[in-house]
Amino acid sequence: MEMEIDEEKVDETVLALLYLTTFTDKLCCRAWKGHNWDSLDRLHQKGYISDPATKARSVVLSEEGAKRSQELFEKYFTKSS
């Protein structure tokens with residue numbers, strides 16, 4: 001039986017996980033791109049990250065992408081007090 005994947009959930013999780021590897025480089029926020037290529041392509045199409053299809057090992061997060069990445073990380077991976 002083939003399972004149906006919810007790409008929106010996958011993309012949210014990948015964007016949240018990008019937060020773990022973010023770093024500042026010359027005034028921009030970058031993250032290492034060691035995630036599923038299809039998901040990275042969709043995040044690029046949504047305007048959250050730069051085009052992942054380059055020789056660079058990282059992608060640039062847009063201002064909106066960096067904010068959303070942090071929000072999703074906090075939503076999925078932090079403990080409530």
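Reckoned from all heavy atoms, side chains included, excluding hydrogens, waters and symmetry mates.
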Scan the side chains in residues 9-19 for donor-acceptor partners under 3.5 Å anywhere in the protein, sequence neighbours excluded, and list what turns up.
| from | atom 1 | to | atom 2 | distance (Å) |
| --- | --- | --- | --- | --- |
| D11 | OD1 | S39 | OG | 2.7 |
| D11 | OD1 | R42 | NE | 3.1 |
| D11 | OD1 | R42 | NH2 | 2.8 |
| D11 | OD2 | R42 | NE | 2.8 |
| D11 | OD2 | K46 | NZ | 3.2 |
| E12 | OE1 | Y76 | OH | 2.4 |
| T13 | OG1 | K9 | O | 2.9 |

Counting neighbours of CD on E74 that are heavy atoms of other residues, nucleotides or ligands and sit closer than 6.0 Å, is the number greater than 12?
yes
Are L43 and F77 grouped together when hydrophobic residues (ILVMFWY) are joined by side-chain heavy atoms under 4.5 angstrom apart?
yes
Are any non-hydrogen side-chain atoms of I49 and S62 less than 4.5 angstrom apart?
no
Hydrophobic cluster (4.5 angstrom, side-chain heavy atoms) - remaining members for V60:
none
Between T24 and L27 (side chain of the first, backbone of the second, donor and acceptor by atom type, cut-off under 3.5 Å), is there such a pair?
no
Return the minimal non-hydrogen interatomic distance between H44 and P52, and the atom names on each side.
CB-CD, 3.8 Å
Enter the distance from T22:OG1 to Q70:CD here, rounded to the nearest 0.5 Å.
8.5 Å
Output every pair passing side-chain hydrogen bond (donor to acceptor under 3.5 Å, both in side chains) with a member in residues 47-60, not counting sequence neighbours, ordered by first then second residue.
R30-S58
Should F23 and F73 be counted in the same cluster of Ile, Leu, Val, Met, Phe, Trp and Tyr side chains packed under 4.5 Å apart?
no
Step-by-step salt bridge (Lys or Arg N to Asp or Glu O under 4.0 Å) determination, R68 to E71
CA-CA 5 Å; R68 186 76 178 128; E71 291 170 351; 3.5 Å; yes
